[in-house]
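This report refers to the structure that appears directly beneath it.
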Amino acid sequence: MNREEMADVLEKIALLLELKGENPFKVRAYRQGAETVLAMEGDVVELAKNDELKGIKGIGDALRDKLGELAKTGGLEFYENLKKEFPESVFELFEIQGLGPKKIKSLYDELGVDSTAKLKAACEEGKVAVLPGFGEKTQKKILDAMAANEKFADRFRLGSVTALVEGMLETLRLHPEVSRVAVAGSYRRARETVGDLDFLVATKEGALVCEDFTTLPQVESVIACGETKASVRLQNGMHCDLRAVKNSEFPFALQYFTGSKEHNVALRSLALKKGWSLNEYGLNPVDPGETPPYVEEEKDIYRLLGLQYIEPELRENRGEIEAAAENKLPRLVELMNLRGTFHNHTTASDGKDTLEAMVEEAMELGLQYLGISDHSKSSWYAGGLDEERLLKQVEEIRDLEKMLGGFRIFAGSEVDILKDGDLDFSDEILAQLDFCVASVHNVFNLDEDTMTRRICRAMENEHITMLGHSTGRLLLKREAYPLDHARIIDCAAATRTVIELNCSPMRMDMDWRWWKRARDKGVLCSINPDAHSRDQLHNLGTGVRVARKGWLRREDVLNTRTAPEIEAFLKMPKAKR
DNA sequence: GCCGTTTTCGGCCCGACTGTTTTCAGTCG
């Protein structure tokens with residue numbers, strides 16, 4: 001039993017109590033308890049075992065007893081009894097957008113629906129539309145939401161699989177029969193979501209390495225295992241391939257399996273013009289009389305085709321091949337260029353870690369400064385700060401900074417952009433901050449023109465340093481709201497507003513496809529983790545990869561600047577930045 | 001179920017939107 005499992009049990013209890021129509025405040029207490037378990041300091045499992053949870057806010061007598069039982073026995077009788085009342089599959093129903101506990105209960109009581117499969121059948125037979133409180137539109141919305149879930153079912157967010165991939169690479173690297181290892185595919189190209197993973201090894205013992213690959217702890221089941229390829233399904237449900245090639249084939253296989261398909265098609269046609277035939281095994285002269293060139297690394301392939309080396313992130317056939325032919329590829333930003341970051345939360349609003357803990361982690365990462373921007377009052381559900389609490393936080397920040405020997409904390413706010421483009425705080429309040437992120441958190445259903453004008457209005461404010469998560473999308477969960485990106489970028493350029501690359505794994509927003517345009521208009525990017533806990537600051541690494549995918553250079557990214565440079569930047573009138 | 005310079009009951013900070021209704025319930029941030 002670990003922290004996550006304990007929190008999961010409380011969360012599931014909350015769902016089941018909701019289904020039973022229990023007192024909503026009791027439900028909330030369990031949900032809050034789950035949050036507390038995840039966020040609290042110390043070894044919560046050990047504390048629960050020793051009955052030492054007294055005094056923790058959000059955990060009262062009842063939850064303390066239940067957590068104790070969980071920690072000591074690994075089970076919970078209360079939960080087991082509750083689970084007996086519903087089949088396990090009801091939890092699926094909570095994943096459907098637009099369905100809450102009341103509707104699920106109604107579906108369960110009236111139609112016996114207790115799984116997505118049964119729900120789909122009931123919708124298709126028209127049984128859902130005639131239930132009280134439901135209707136044709138609701139039935140259609142449920143079907144659409146289920147279709148969307150299916151569409152996303154086999155995809156994963158880039159930032160959520162980084163640790164898994166790094167772990168597997170490390171293990172493969174240690175294999176005695178393996179000389180080279182890489183991950184290819186859309187993961188290597190830093191797409192914001194990936195469907196499957198492609199690992200590549202150079203070895204003389206393909207069958208052995210494939211066999212050993214299928215026994216990795218991350219593997220759930222084996223689909224196929226041969227001499228050059230193994231296919232498995234991982235514990236997290238991901239499809240994953242390993243390809244074993246000879247060392248001499250490795251660069252070609254790496255290039256080929258990295259893709260994208262469009263990039264490779266363009267590259268092969270370029271090769272043909274030069275009298276070569278390129279495939280995943282080699283680069284061969286079309287004229288059989290000539291000898292194939294010596295290739296040791298992927299770089300050599302590009303060089304032989306008369307191209308600059310094209311970084312994997314750029315390989316989408318969006319102009320990179322032409323630029324490489326003219327020696328005009330940008331030198332892309334790197335993680336080591338980052339000096340600090342903005343847009344982070346603390347326990348003052350919905351963050352899990354205190355100001356001190358966040359700062360400590362930023363220092364640990366080798367940064368020179370950290371921007372704090374908790375939610376504003378309209379985001380009350382996230383514990384948004386009102387004017388009084390905000391100004392108090394600014395004071396706390398100034399006080400803490402004095403004790404840090406040079407590390408800078410920039411005091412800011414993630415201020416809500418209200419429906420009409422007004423901001424949640426007055427200019428007088430905003431003027432007292434070092435910086436300000438403006439974000440949309442509600443009323444997502446405006447038409448494109450209205451939404452664009454709303455956001456532009458916020459950017460026109462002198463005190464708004466940067467625009468937060470511009471499209472509002474939640475990857476694999478919620479589509480972006482309609483937005484005229486070209487106008488947003490023009491407005492950012494005109495008002496000298498920075499645009500954020502929010503590198504929370506859920507967001508990666510603004511989308512990488514727009515960054516080159518923004519860069520060319522002189523718009524600065526700020527790579528921000530939107531961290532709600534200290535460990536989320538580590539998402540900066542993935543953020544940099546996505547910035548690279550957007551063709552961004554060091555000079556295009558605000559937070560590659562040093563603390564004194566940032567200070568000067570923020571003090572400058574916006575128009576002169 | 002939690003919490004309390006209103007200590008053992010009575011609150012638990014909202015507002016927009018949708019689709020169902022005919023004045024409102026359910027869902028979502």
Side-chain angles (χ1 to χ4, degrees), chain A residues 9-11 13-37 40 53-68 76 78-79 82 93-110 123 128-145 148 345 349-350 375-386 388-389 414 416-420 422 424 439-447 450-451 454 468-469 471-474 477-481 504 506-507 530 532:
Chain A
V9 169
L10 295 186
E11 176 61 35
I13 290 175
L15 286 177
L16 293 172
L17 291 177
E18 266 184 322
L19 257 190
K20 291 185 62 166
E22 260 285 5
N23 174 2
F25 297 109
K26 187 193 272 198
V27 172
R28 185 200 285 178
Y30 276 96
R31 198 155 278 148
Q32 183 62 43
E35 289 290 311
T36 305
V37 165
M40 64 179 275
L53 286 174
K54 206 168 177 64
I56 306 269
K57 195 167 151 51
I59 311 265
D61 294 341
L63 261 66
R64 193 166 63 238
D65 285 349
K66 292 189 170 75
L67 288 173
L76 180 62
F78 174 76
Y79 177 48
L82 206 51
L93 299 175
F94 285 93
E95 301 297 319
I96 298 167
Q97 287 278 311
L99 275 192
K102 301 279 170 55
K103 286 216 162 86
I104 292 174
K105 181 168 167 51
S106 177
L107 288 164
Y108 179 75
D109 289 344
E110 305 292 327
C123 284
V128 171
V130 297
L131 286 181
F134 291 72
E136 285 295 338
K137 285 197 176 170
T138 306
Q139 181 170 274
K140 176 152 193 315
K141 264 178 72 175
I142 291 173
L143 279 171
D144 289 348
H345 297 267
S349 66
D350 59 349
H375 287 285
S376 64
K377 58 182 190 281
S378 283
S379 285
W380 70 270
Y381 53 84
L385 279 59
D386 59 18
E388 193 186 334
R389 290 179 63 213
E414 182 182 18
D416 270 11
I417 304 177
L418 307 179
K419 186 177 175 180
D420 53 4
D422 276 351
D424 207 9
S439 306
V440 168
H441 285 118
N442 61 4
V443 196
F444 296 121
N445 62 341
L446 301 178
D447 63 71
T450 313
M451 186 61 101
R454 171 189 187 184
H469 47 70
T471 76
R473 73 179 180 191
L474 294 178
K477 193 169 173 198
R478 185 177 74 206
E479 300 285 352
Y481 40 69
S504 155
M506 293 291 289
R507 295 190 184 269
D530 194 356
H532 285 71

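It should be emphasised that the depicted structure is a prediction, and the values quoted were computed from it without experimental measurement. Chain A is the first sequence line, chain B the second, and so forth, proteins listed ahead of strands; every chain is numbered from 1.
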I need the [atom1]-[atom2] distance between [X] and [N], as an integer number of Å.
X	N	atom1	atom2	value
A/I96	B/dT27	CD1	P	12 Å
A/K102	B/dT21	NZ	C1'	17 Å
A/L131	B/dT21	CG	P	11 Å
A/K57	B/dC3	NZ	P	6 Å
A/I13	B/dC2	CD1	C1'	16 Å
A/I59	B/dC2	CD1	C1'	10 Å
A/R507	B/dG29	CZ	C1'	11 Å
A/F94	B/dG26	CZ	P	14 Å

Result for side chain to side chain donor-acceptor pair (under 3.5 Å) between A/S379 and one of A/D350, A/D424, A/D416 points to A/D416
Could you measure between the two [atom1] atoms, the one in [N] and the one in [M], and give it in whole Å?
N	M	atom1	result
B/dG10	B/dG15	P	26 Å
B/dG19	B/dC12	C1'	29 Å
B/dC17	B/dT23	C1'	16 Å
B/dT20	B/dC14	C1'	22 Å

In Å and rounded to the nearest 0.5 Å, what is the CG to CD1 distance from A/D109 to A/I104? 12.0 Å
Donor-acceptor contacts, no H, no angles, side chain residues 59-66 of chain A, under 3.5 Å, sequence neighbours left out:
{"from": "A/D61", "atom 1": "OD1", "to": "A/R64", "atom 2": "NH2", "distance (Å)": "3.0"}
{"from": "A/K66", "atom 1": "NZ", "to": "A/Y30", "atom 2": "OH", "distance (Å)": "3.2"}

Indicate for each nucleotide in nucleotides 7-12 of chain B, in 5' to 3' sequence, whether protein heavy atoms under 4.0 Å reach the base (B), only the sugar-phosphate (S), or nothing (-). -----B
May I ask you to say what A/P101 touches in the nucleic acid, namely base, sugar-phosphate or nothing, with a heavy-atom cut-off under 4.0 Å? sugar-phosphate
Categorize A/E22 for me: base, sugar-phosphate, or nothing, with a 4.0 angstrom heavy-atom threshold over every strand shown. nothing
With sequence neighbours left out, what residues match A/K20 under salt bridge (charged side-chain N to carboxylate O under 4.0 Å, His left out)? A/E85
Non-hydrogen side-chain atoms of A/L93 and A/Y108 separated by less than 4.5 Å: no
Checking B/dG29, B/dC2, B/dG26 against the side chain of A/K103 (C-beta onward), the nearest is B/dG26
Distances under 3.5 Å only, N/O to N/O: pair up the protein atoms with those of nucleotides 17-19 of chain B.
{"from": "B/dC17", "atom 1": "OP1", "to": "A/K419", "atom 2": "NZ", "distance (Å)": "3.3"}
{"from": "B/dC17", "atom 1": "O3'", "to": "A/N445", "atom 2": "ND2", "distance (Å)": "3.1"}
{"from": "B/dT18", "atom 1": "OP1", "to": "A/N445", "atom 2": "ND2", "distance (Å)": "2.6"}
{"from": "B/dG19", "atom 1": "O3'", "to": "A/T138", "atom 2": "OG1", "distance (Å)": "3.2"}

What orientation do A/H532 and A/H345 show, parallel under 30°, tilted 30 to 60°, or perpendicular over 60°? parallel
Strictly by modelled atom types, are A/S504 and A/D530 linked by a side-chain donor-acceptor pair under 3.5 Å? no
Taken in chain and number order and not counting sequence neighbours, the residues that satisfy side-chain hydrogen bond (donor to acceptor under 3.5 Å, both in side chains) with A/E22 are A/K26
Pairs counted only when both distances fall under 3.5 Å, Watson-Crick or G-U: show me the 5' to 3' dot-bracket for DNA chain B, [ ] for pseudoknotted crossings and | for other-strand partners. ((((....)))).((((((....))))))
